[in-house]
Trainee: 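Submitted below is the structure of interest, expressed as structure tokens.
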Amino acid sequence: PKKTIQAAINSANPGDKISVYPGDYSETAPSSTLSAASGGGTYQFGLFISPEKNGITIQGVDATGVPVSNYSSVVANVELKATNNFGPSGLFVEGDNVTITGLNLFEAAGNMNKTVEVLGENFTIKNCRLSDGYSLYINDWRYDATTNTSHITKYWIEGNSFEWGTSVDICSGAGKSGPVSGRKILNNYFDGGGADYWALVSFNGSGTPVPWFTYSVGGAEITGNTFTNALQYIRHRGILDESQFNWSQYWNENHFDKAVITLSNEFSFTPRNYSYTNGSGTTFANAKRIGAIIQDEITTIAQNGDLVKIGEGTYAENIIVNKEVAIRGTSQAETKIIPAI
């Protein structure tokens, strides 16, 4: 047995499984050196999985050693202490084919940016809690710009609880190549925390003012998830391969406490493109989304002739319609609009 998870990682061979028993873990991975393919440099992460550890599994278990199979049963709480200057990045995954399951992951107070940052191909995270309100951030540092080929073509995100606005962010080359069927976001619970303005699932392409969103990204299969308590849920922005984004699937095969989408073409279920300026004064183009505020869709996104489609839920809004748009609740569930107080 090892006293820390990082000590177990350091002694593991590729393909090994590490069992993490109940308890509170405070993890630091100092002097973690990235490979030359990922830019090199030595940093402190909370946990670090290098390419020399390809294929390892870190599995939370109960007191008897039985693997945790549901995020509500997690009994290993992992505090991640990172200081890297492009994050901090609590759990940093450079290795390929890594699986993380059955853990509660959160960054130490004051070290807050990316709960998990992934550079590796075929990363899997299941049955975990990400409970600090930051990000599972998948970013393809090894994208081949000469051949326009992604290193990250696959990932699997299933059965996790993303709490207090913790988001999934796909960035800079991840999934640009490879089939969409290899990238799955399934059966997770997303709680926006009540006041968060960012999207809980965000695909960030090229051509934005953000300098580290360098390359286009691909879409994913997104089904069976529950989204609640946020202003917007699924979004893409920048230059992307639109054919990889199945907005009809996103709308119909997930559950939202409230959901609004503006369609420029109802029959092809094509969301209206829009541009927006964030609170820092940065303008993003080619955005599409499933949001949660009817008035915001009408004011910010809809154009004459569009359909503003409203999902099941209760909307406390005072709505002003000053465009020639159709506004339609879903026919399969109850939609209520009540005056805002």
Trainee: Is Val116 linked to Ile170 within one hydrophobic cluster, defined over Ile, Leu, Val, Met, Phe, Trp and Tyr using a side-chain heavy-atom separation of less than 4.5 Å?
Mentor: yes
Trainee: Would you check if the side chain of Asp257 reaches a backbone N or O of Asn229 as a donor-acceptor pair within less than 3.5 Å?
Mentor: yes
Trainee: If every non-hydrogen atom of Ala29 is compared with every non-hydrogen atom of Gln6, which pair is closest and at what distance?
Mentor: CB-OE1, 3.5 Å
Trainee: Rounded to the nearest 0.5 Å, how far does OH of Tyr189 lie from CG of Leu200?
Mentor: 10.5 Å
Trainee: Same hydrophobic cluster for Phe92 and Ile125, using side-chain heavy-atom links shorter than 4.5 Å among ILVMFWY?
Mentor: no
Trainee: With side chains defined as the heavy atoms from C-beta onward, is the minimum distance between Phe45 and Glu117 less than 4.5 Å?
Mentor: no
Trainee: Short question: side chain of Gln249, backbone of Ile222 - any donor-acceptor pair under 3.5 Å?
Mentor: yes
Trainee: Please determine which of Ile234, Val168, Thr228 meets the side-chain contact (heavy atoms from CB on, under 4.5 Å) test together with Phe190.
Mentor: Val168
Trainee: For Trp247 versus Lys288, what's the shortest heavy-atom pair and its separation?
Mentor: CH2-O, 3.6 Å
Trainee: Hey, are the side chains of Ile100 and Ile49 touching, using non-hydrogen atoms and a 4.5 Å cut-off?
Mentor: yes
Trainee: Are Val180 and Ile157 linked, directly or through intermediate hydrophobic residues, by side-chain heavy-atom contacts shorter than 4.5 Å (ILVMFWY only)?
Mentor: no
Trainee: Using modelled atom types and a 3.5 Å cut-off, is there a donor and acceptor pairing between side-chain atoms of Thr166 and backbone atoms of Gly133?
Mentor: yes
Trainee: How far apart are the closest heavy atoms of Ser150 and Ala174, and which atoms are they?
Mentor: OG-C, 4.4 Å
Trainee: Side-chain heavy atoms under 4.5 angstrom apart, residues restricted to Ile, Leu, Val, Met, Phe, Trp, Tyr: same cluster for Phe256 and Phe269?
Mentor: yes
Trainee: Taking side-chain contact (heavy atoms from CB on, under 4.5 Å) as the definition, give me every residue that meets it alongside Pro88, ordered by chain and number, with sequence neighbours left out.
Mentor: Ala82, Asn84, Glu107, Asn111, Asn113
Trainee: Can any side-chain N or O of Asp306 pair as donor or acceptor with the backbone N or O of Thr262 at less than 3.5 Å?
Mentor: no
Trainee: Taking atom CG of Asn122 and atom OG1 of Thr153, what is their separation to the nearest 0.5 Å?
Mentor: 7.5 Å
Trainee: So, Asn204 and Tyr137: side-chain donor and acceptor under 3.5 Å apart, yes or no?
Mentor: no
Trainee: Hey, does Val260 have a side-chain heavy atom less than 4.5 Å from the side chain of Val308?
Mentor: yes
Trainee: Looking only at atom types and distance, does a side-chain atom of Thr208 sit under 3.5 Å from a main-chain N or O of Val210, one as donor and one as acceptor?
Mentor: yes
Trainee: Sub-3.5 Å donor-acceptor pair from the side chain of Gln44 to the main-chain atoms of Lys81, do we have one?
Mentor: yes
Trainee: Please list, chain by chain and in numerical order, all residues satisfying salt bridge (charged side-chain N to carboxylate O under 4.0 Å, His left out) with Lys154, sequence neighbours excluded.
Mentor: none
Trainee: Less than 4.5 Å apart, any side-chain heavy atom of Phe48 and any of Glu94?
Mentor: yes
Trainee: Under 30°, 30 to 60°, or over 60°: which ring-plane class applies to Phe245 and Tyr250, parallel, tilted or perpendicular?
Mentor: perpendicular
Trainee: Taking Glu297 first and then Arg289, would you say they form a salt bridge - that is, a charged N and a carboxylate O separated by under 4.0 Å?
Mentor: yes
Trainee: Would you say the ring centroid of Tyr155 lies under 6.0 angstrom from that of Phe123?
Mentor: no
Trainee: From Asn254 CG over to Asn187 CG, what is the distance, rounded to the nearest 0.5 angstrom?
Mentor: 9.0 Å
Trainee: Is the shortest side-chain N to carboxylate O distance from Glu163 to Arg129 below 4.0 Å?
Mentor: yes
Trainee: What's the spacing between Ile138 CD1 and Glu121 CD if we round to 0.5 Å?
Mentor: 10.5 Å
Trainee: For the atom pair CD1 (Ile310) and CD1 (Ile294), what is the distance rounded to the nearest 0.5 Å?
Mentor: 3.5 Å
Trainee: At what distance, to the nearest 0.5 angstrom, does CG of Leu307 lie from CZ of Phe267?
Mentor: 9.5 Å
Trainee: Might you work through the side chain to side chain contact (heavy atoms under 4.5 Å, CB included) test for Gln295 and Tyr315, ending with a clear yes or no?
Mentor: CA-CA 10 Å; Gln295 187 65 64; Tyr315 301 76; over 6 Å; no
Trainee: Do Tyr276 and Leu231 belong together in a cluster built from hydrophobic side chains that touch within less than 4.5 Å?
Mentor: no
Trainee: Verify whether one side chain among Thr33 and Thr42 offers a donor that lies under 3.5 Å from an acceptor in the other.
Mentor: yes
Trainee: With a 3.5 Å distance limit and no angle check, can you tell me whether Thr99 reaches the backbone of Thr124 through a side-chain donor-acceptor pair?
Mentor: no
Trainee: Taking the six-membered ring for Trp, are the ring centroids of Phe86 and Trp141 within less than 6.0 Å of each other?
Mentor: yes
Trainee: So does Asp24 get a backbone contact from the side chain of Asn77, meaning a donor-acceptor N/O pair under 3.5 Å?
Mentor: no
Trainee: Below 3.5 Å, can you tabulate the donor-acceptor pairs from side chains in residues 59-68 to any protein atom, sequence neighbours excluded?
Mentor:
from  : atom 1 : to    : atom 2 : distance (Å)
Asp62 : OD1    : Thr64 : N      : 2.9
Asp62 : OD1    : Thr64 : OG1    : 2.7
Asp62 : OD1    : Gly65 : N      : 3.1
Asp62 : OD1    : Val66 : N      : 2.9

Trainee: Decide whether Thr283 and Thr277 meet the rule of one side-chain donor and one side-chain acceptor closer than 3.5 Å.
Mentor: yes
Trainee: Quick check: do Phe162 and Ser167 have side-chain heavy atoms less than 4.5 Å from each other?
Mentor: no
Trainee: Ignoring hydrogens and geometry, is there a side-chain-to-backbone donor-acceptor pair from Glu27 to Ile5 under 3.5 Å?
Mentor: yes
Trainee: Is it true that a side-chain atom of Asn54 and a backbone atom of Glu52 form a donor plus acceptor pair closer than 3.5 Å?
Mentor: no
Trainee: For a 4.5 angstrom cut-off between non-hydrogen side-chain atoms, does Asp96 reach His151?
Mentor: yes
